[in-house]
Enquirer: 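Can you read through this structure? Questions will come right after.
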Amino acid sequence: MPELPEVEVVRRGLERWAIGRTVASAEVLHPRAVRRNDGSLPDRLKGRTVVSAERRGKYLWLPLHDDPPGDGGGRPGGAEEALLAHLGMSGQLLIVDPLAPMEKHLRVRLSFTDGGPELRFVDQRTFGHLLVAPMAVRLPRPVPEPIAHIAADPLEGAFDDEEFAARLRLRRTGLKRALLDQSLISGVGNIYADEALWRARLHWARPTETLTRPKIVELLSAVRAVMTEALAQGGTSFDSLYVNVNGESGYFDRSLAVYGRQDRPCPRCGAPIRREAFMNRSSYSCPKCQPRPRNARP
DNA sequence: ATCGTAGCCTGGAGGC
DNA sequence: TGCCTCCAGGCTACGA
């Protein structure tokens, strides 16, 4: 459930604690956590230095260079690579003292040549994973190859509002399904989809092709506003699973208008918030502010 | 090509 | 107390 703001909180932590450090060793404690790399991940990390901490949508990655720089590590063409991470439902990237006891759901640990704090990937439900992947040569912004199909997220400069509006109107599906489609817009998950739809007074089953361009722009503004506010509060956390690299939780859950608030009053009109099943999950909305369209589409 | 869904996974909550 | 079922839901693979 970490969405864009929560992942950005983690990225900022990595930016502060991981850049410039060289991996001494990597230990995999659960194979599923590196399922897209098989057993090669430790060898592909050892001796390489973290250049920066990047994010697109819910993915984050640490571009790597060889230390000392030079031969490309024997990779084809000396291609640039990165350590790519997705937190899934319950993943955490923690900066921890090497002597600290192992977390119950510790999946991967990276130690550094400076002997300082380790980077630990802890993930209860194992929906998340790490992999070392080549960078796709793709302008204007290089991203790891496995996520080349992911669209820009609404908080990055590369996001094109006009293109998003045009592509959304070409879809023949429900609005929330489109918002959750990471190849159309990335970083939006169930929580912020519901919050943004409430702010824009749109029902989740609204057929995408019936939205006007101005309404789509309004929705994008709502998406950006709710994400920016959440980020300012350190992200949303319902329990201790959603934490920054120091294990601390954010406070945005106190600011949610509809998500997880079934039967409680809409902050705008007072009507009781409704919960509906959709796509094997829950959608929360206000029955008065967000009336169900007659031509609703799941 | 596009759209929709099953299945992956664990632990907490609630029913009995 | 303990067993069972449900729920959380991002993403991939696959079928229509």
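Just so we're on the same page: letters track the sequence lines, and every chain starts at 1. FYI, side chains are in, hydrogens and waters are out, and symmetry mates aren't considered; it's all heavy atoms of this structure. Just so it is clear, the structure is predicted and the values come from calculations on it, not from any experiment.
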Enquirer: Indicate whether OP1 or OP2 belonging to C:dA8 is found under 4.0 Å from a side-chain N or O atom of A:S282.
Expert: yes
Enquirer: Check ring-ring contact (aromatic ring centres under 6.0 Å, His included) between A:F121 and all other residues, then give those that pass, not counting sequence neighbours.
Expert: none
Enquirer: Could you tell me which non-hydrogen atom of A:P2 sits nearest to which non-hydrogen atom of A:G88, and how far apart they are?
Expert: CD-O, 3.1 Å
Enquirer: Find the distance A:R275:CZ to C:dC7:P and express it as a whole number of Å.
Expert: 7 Å
Enquirer: Please tell me which of the listed nucleotides, C:dT12, B:dG11, C:dG10, lies nearest to the side chain of A:R281?
Expert: C:dG10
Enquirer: Atom NZ of residue position A:K215 - does it have more than 12 heavy atoms of other residues, nucleotides or ligands inside 6.0 Å?
Expert: yes
Enquirer: If I take atom CZ in residue A:F278 and atom C1' in nucleotide C:dC7, what distance separates them, rounded to the nearest angstrom?
Expert: 17 Å
Enquirer: Which nucleotide in the list C:dG10, B:dT10, C:dT12 gets nearest to the side chain of A:M89?
Expert: C:dG10
Enquirer: Are OP1 or OP2 of B:dT10 and a side-chain N or O of A:K104 less than 4.0 angstrom apart?
Expert: no
Enquirer: Ignoring backbone atoms, establish whether A:R125 has a side-chain N or O less than 4.0 Å from OP1 or OP2 of B:dC8.
Expert: no
Enquirer: Just the rounded figure in Å: distance from P of B:dG4 to CZ of A:R297.
Expert: 7 Å
Enquirer: For the pair made of CZ in A:R32 and P in B:dC8, what is the distance, rounded to whole Å?
Expert: 9 Å
Enquirer: For B:dC8, does OP1 or OP2 lie under 4.0 Å from any side-chain N or O of A:R35?
Expert: no
Enquirer: Do the side-chain N or O atoms of A:T173 get closer than 4.0 angstrom to the phosphate oxygens (OP1, OP2) of B:dG4?
Expert: yes
Enquirer: Taking CE from A:M279 and P from B:dG4, how many angstroms apart are they, rounded to a whole number?
Expert: 9 Å
Enquirer: Run the salt-bridge test on A:E276 and A:K176 with the 4.0 Å N-O cut-off and return the result as yes or no.
Expert: no
Enquirer: Whole angstroms only, please: what is the CG-P distance between A:L175 and B:dG4?
Expert: 13 Å
Enquirer: If you compare every side-chain N and O of A:Q182 against the phosphate oxygens of C:dC11 (OP1, OP2), does one of them come in below 4.0 Å?
Expert: yes
Enquirer: Testing A:R56, A:R224, A:R11 one by one against A:E156 for a salt bridge (Lys or Arg N to Asp or Glu O under 4.0 Å), which residue passes?
Expert: A:R56
Enquirer: If you pin A:N280 and A:R171 to their nearest nucleotides in DNA chain B, which one's is more 5'?
Expert: A:R171
Enquirer: Can you check whether A:R177 has a side-chain N or O nearer than 4.0 Å to OP1 or OP2 of B:dT5?
Expert: yes
Enquirer: It should be established whether A:H129 places a side-chain nitrogen or oxygen under 4.0 Å from OP1 or OP2 of nucleotide C:dT12.
Expert: no
Enquirer: Rounded to whole angstroms, how far apart are CG on A:L168 and C1' on B:dC3?
Expert: 15 Å
